[in-house]
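To start, the structure under review is shown below, and the notes come after it.
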Amino acid sequence: ILTGKRLELLKEINPRIARVAVLWDPQAPGSVPQWEASRLPAEKLGLELYSMEAGSADRYAAAFKEAVKARSNAVWVTLNPVANSNQKMIAELAIENGLPSICARGDYAENGCLMAYGPGYGTEGKDGARYVDRILKGAKPAELPIEQLTRFELVLNAATARALGLRIPAALRLRADAVIE
């Protein structure tokens with residue numbers, strides 16, 4: 001569901017986007033399902049996907065060049081440890097290569113990603129604290145229910161939009177939880 005929404009947001013900021021490069025790490029267990037979950041929503045939106053596999057940061061510059069050569073005109077970055085540690089580099093490479101980017105956490109947008117859509121740290125922290133509190137009060141972890149997140153944040157980076165020559169639509173700006181100027 002989140003992947004589809006991220007791809008929708010890319011199309012909303014630039015309806016001409018037709019091919020999205022997905023930056024993912026095949027060695028990161030969490031990144032693989034994100035890549036796989038991209039396929040169906042992309043098809044429904046009429047988008048082609050380009051697999052931008054990169055398991056290390058020293059592979060990023062070449063991966064971006066290859067994505068552009070493959071006619072990608074946007075990038076979505078899966079959550080994975082290598083990407084999490086190299087947010088600024090990813091944002092700079094996306095801007096250098098003229099690719100609007102969407103990421104999964106607000107800190108990516110703070111570091112230059114065009115947009116971020118996903119659960120906010122505040123939500124995750126409060127949910128985690130609630131579970132810890134229940135466990136400390138005697139609840140058995142295995143008996144606690146799994147809860148679906150219901151609150152997601154949209155963070156836009158207006159400076160990155162300007163650097164890419166994009167205008168953030170007013171409707172998108174109004175829905176944003178934060179706009180970084």
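As a basis for the values below, the full set of heavy atoms in this structure was taken, side chains included, without hydrogen atoms, waters or symmetry mates.
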Evaluation steps, side chain to side chain contact (heavy atoms under 4.5 Å, CB included), between Trp24 and Val32:
CA-CA 7 Å; Trp24 66 289; Val32 175; 3.8 Å; yes
Do [X] and [Y] have side chains that get closer than 4.5 Å, going by heavy atoms?
X	Y	answer
Pro100	Leu166	yes
Val155	Tyr117	no
Val179	Glu181	yes
Leu156	Leu114	no

Trp76 vs Ser101, test: side-chain hydrogen bond (donor to acceptor under 3.5 Å, both in side chains). Steps then yes/no.
CA-CA 6 Å; Trp76 110 254; Ser101 57; over 6 Å; no
Check: [Y] main-chain N/O paired with [X] side-chain donor or acceptor under 3.5 Å:
X	Y	answer
Asn80	Thr78	yes
Asn73	Arg19	yes
Gln87	Asn84	yes
Ser38	Gln34	yes
Ser85	Pro81	yes

For the residue pair Asn157 and Tyr108, confirm or rule out a side-chain donor-acceptor distance under 3.5 Å.
no
State, without any angle test, whether Trp35 and Ser51 hold a side-chain donor-acceptor pair at a distance under 3.5 Å.
no
For Arg175, is the CZ atom crowded, meaning more than 12 foreign heavy atoms sit under 6.0 Å from it?
yes
Whether over 12 other heavy atoms sit under 6.0 Å from Glu43 CD:
no
Which distance, rounded to the nearest 0.5 Å, do you find between the [atom1] of [X] and the [atom2] of [Y]?
X	Y	atom1	atom2	answer
Ile95	Leu164	CD1	CG	5.5 Å
Leu23	Asn86	CG	CG	10.0 Å
Tyr60	Glu92	OH	CD	13.5 Å
Ile102	Leu154	CD1	CG	7.0 Å

Where is the tightest heavy-atom contact between [X] and [Y], given as atom of each residue plus distance?
X	Y	result
Val75	Met52	CG2-SD, 4.0 Å
Ala91	Gly112	CB-C, 3.3 Å
Gly55	Gln27	CA-OE1, 3.6 Å
Pro26	Ala54	CD-N, 4.2 Å
Glu53	Arg59	O-NH2, 3.9 Å
Met115	Leu172	SD-CD2, 4.2 Å

If two hydrophobic side chains count as joined below 4.5 Å and joins carry through other members, does [X] share a cluster with [Y]?
X	Y	answer
Ile17	Leu45	yes
Val82	Phe64	yes
Phe152	Val77	no
Leu2	Leu79	no
Ile90	Ile180	no

Quick one: do Glu8 and Lys11 make a salt bridge, cutoff under 4.0 Å?
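No, no charged N to carboxylate O under 4.0 Å.
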Arg167 with Glu12: basic N within carboxylate O range, under 4.0 Å:
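Result for this pair is no, no salt bridge flagged.
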Testing Val20, Leu99, Leu47 one by one against Leu10 for a side-chain contact (heavy atoms from CB on, under 4.5 Å), which residue passes?
Val20
Glu96/Lys65 under side chain to side chain contact (heavy atoms under 4.5 Å, CB included): CA gap, chis, key distance, verdict
CA-CA 10 Å; Glu96 280 174 29; Lys65 293 218 180 310; 5.5 Å; no
